[in-house]
Engineer: 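Below are the structure tokens for one structure; questions will follow.
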Amino acid sequence: MGSLPQVVEDCLGVLQLFSDGTISRSKNIDFNVPLIHDNSVLFKDCLFDETHNLHLRLYKPTSSTNNRNKLPILIFFHGGGFCVGSYEWPNFHNFCLRLASSLDALIVAPDCRLAPEFRLPAAIDDGVSVMNWIQAQGLSENCDAWFSKGNIDFDRVFILGDSSGGNIAHHLAVRLGSGSVGLAPVRVRGYILVAPFFGGMARTKSEEGPSEQILNLEILDRFWRLSMPIGENRDHPLANPFAVSLETVAIDPMLVIVGGDELLKDRVEDYAKRLQIMGKKINYLEFEGKQHGFFTNYPNSQDADQVIQIINKFMFDNSNSSS
């Protein structure tokens with residue numbers, strides 16, 4: 001008899017890859033995160049990609065204080081290193097509740113295909129599919145009732161990505177271009193990248209620094225090994241945004257946020273500052289002493305209050321531009 005398959009990659013016990021190529025995903029995850037119940041926000045799930053059986057969750061405030069009468073759309077791409085995560089996870093769900101109630105917006109929180117079953121660029125392609133689905137709502141006379149043109153402002157759309165979701169947001173910004181003209185009537189006004197998950201073969205100082213409470217360099221490397229196309233390394237454009245020239249790429253305004261004690265801090269700072277040098281409209285903010293997930297995992301903290309205010313101002317400042 002042959003020996004039993006051995007675990008060769010283990011992502012926090014949530015995802016395991018075995019020596020025979022089989023994959024195990026745990027359905028019994030101890031999140032240790034209580035679900036928040038917010039009666040001021042309604043939510044429901046929708047199928048957006050029948051081919052890949054992908055769903056999303058919509059969140060909308062029960063009453064609006066928006067003096068424009070129509071709600072803007074904020075698309076939230078969750079994190080998880082492209083390998084784990086779902087909008088159903090309590091930390092992401094709680095965060096979306098906070099976004100909907102505090103920003104007075106319709107929140108669209110999609111899932112995407114996960115690696116290693118579906119390696120990159122699958123997740124980014126799924127991000128494009130979400131945008132096409134929202135465009136279809138804006139064009140259809142029989143759209144989902146929550147996208148009624150009398151209630152939703154398709155001209156004020158923002159994309160927020162957390163960690164690997166921030167990587168997706170970057171690639172959408174590049175693919176869609178400034179003004180997202182191919183998505184009419186949808187108009188993306190700006191991108192919010194929260195500790196975007198970028199990589200590269202050369203180590204940064206922050207990557208070689210102390211591990212975080214929930215992240216270490218071994219985990220980050222494992223996410224890249226499992227999510228990158230077979231045979232590619234961390235200097236592929238899917239991981240390293242500067243593996244291709246961005247000088248001539250026109251992108252909409254960005255708000256880039258990172259914690260000062262994150263392993264990803266140096267890459268995020270370098271990303272923002274290099275884009276600023278290229279003349280892109282980038283607002284970079286670093287929160288001293290904070291680690292990965294410092295406000296997405298704690299949406300009712302004082303830090304989260306501050307970040308929400310910053311996001312709200314970013315959305316307001318970029319809602320009226322005619323360019």
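Values below: every heavy atom of this structure, side chains too, minus hydrogens, waters and symmetry copies.
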Engineer: For E117, what residues pass the salt bridge (charged side-chain N to carboxylate O under 4.0 Å, His left out) criterion, not counting sequence neighbours?
Structural biologist: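 For E117 the salt bridge (charged side-chain N to carboxylate O under 4.0 Å, His left out) partners, ignoring immediate neighbours, are R25.
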Engineer: Residues two or more places apart in sequence or in another chain: which of them pass side-chain contact (heavy atoms from CB on, under 4.5 Å) with L35?
Structural biologist: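 L35 satisfies side-chain contact (heavy atoms from CB on, under 4.5 Å) with P90, H93, N94 once adjacent residues are dropped.
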Engineer: Partners of A109 by side-chain contact (heavy atoms from CB on, under 4.5 Å), sequence neighbours excluded?
Structural biologist: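 Per chain and number, A109 pairs via side-chain contact (heavy atoms from CB on, under 4.5 Å) with Y59, F76, Y87, C96.
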Engineer: What residues form a ring pair (Phe, Tyr, Trp, His ring centres under 6.0 Å) with F154, not counting sequence neighbours?
Structural biologist: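 Residues passing ring pair (Phe, Tyr, Trp, His ring centres under 6.0 Å) with F154: none at all.
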Engineer: Apply ring pair (Phe, Tyr, Trp, His ring centres under 6.0 Å) to F314 and list each qualifying residue two or more places apart in sequence or on a separate chain.
Structural biologist: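 If we apply the ring pair (Phe, Tyr, Trp, His ring centres under 6.0 Å) test to F314, skipping adjacent residues, there are no hits.
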Engineer: Suppose clustering is done on Ile, Leu, Val, Met, Phe, Trp and Tyr with side-chain heavy atoms closer than 4.5 Å. Which residues sit in the same group as V7?
Structural biologist: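 V7 shares its hydrophobic cluster with F18.
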Engineer: For R98, give me all partners under side-chain hydrogen bond (donor to acceptor under 3.5 Å, both in side chains), at least two apart in sequence or on another chain.
Structural biologist: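 Listed in chain order: S102, D305.
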Engineer: Does L42 have any side-chain contact (heavy atoms from CB on, under 4.5 Å) partners at least two apart in sequence or in another chain, and if so, which?
Structural biologist: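 Checked L42 against side-chain contact (heavy atoms from CB on, under 4.5 Å); matches are K60, T62, W146.
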Engineer: Using salt bridge (charged side-chain N to carboxylate O under 4.0 Å, His left out) as the criterion, list what pairs up with E269, not counting sequence neighbours.
Structural biologist: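 K265, K273.
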Engineer: Just to verify, what does H55 make a side-chain hydrogen bond (donor to acceptor under 3.5 Å, both in side chains) with, not counting sequence neighbours?
Structural biologist: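 Listed in chain order: nothing, the list is empty.
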Engineer: N53: what forms a side-chain hydrogen bond (donor to acceptor under 3.5 Å, both in side chains) with it, not counting sequence neighbours?
Structural biologist: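 Checked N53 against side-chain hydrogen bond (donor to acceptor under 3.5 Å, both in side chains); zero matches.
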Engineer: Partners of D111 by side-chain hydrogen bond (donor to acceptor under 3.5 Å, both in side chains), sequence neighbours excluded?
Structural biologist: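 With sequence neighbours excluded, D111 shows a side-chain hydrogen bond (donor to acceptor under 3.5 Å, both in side chains) to H78, S86, given in chain and number order.
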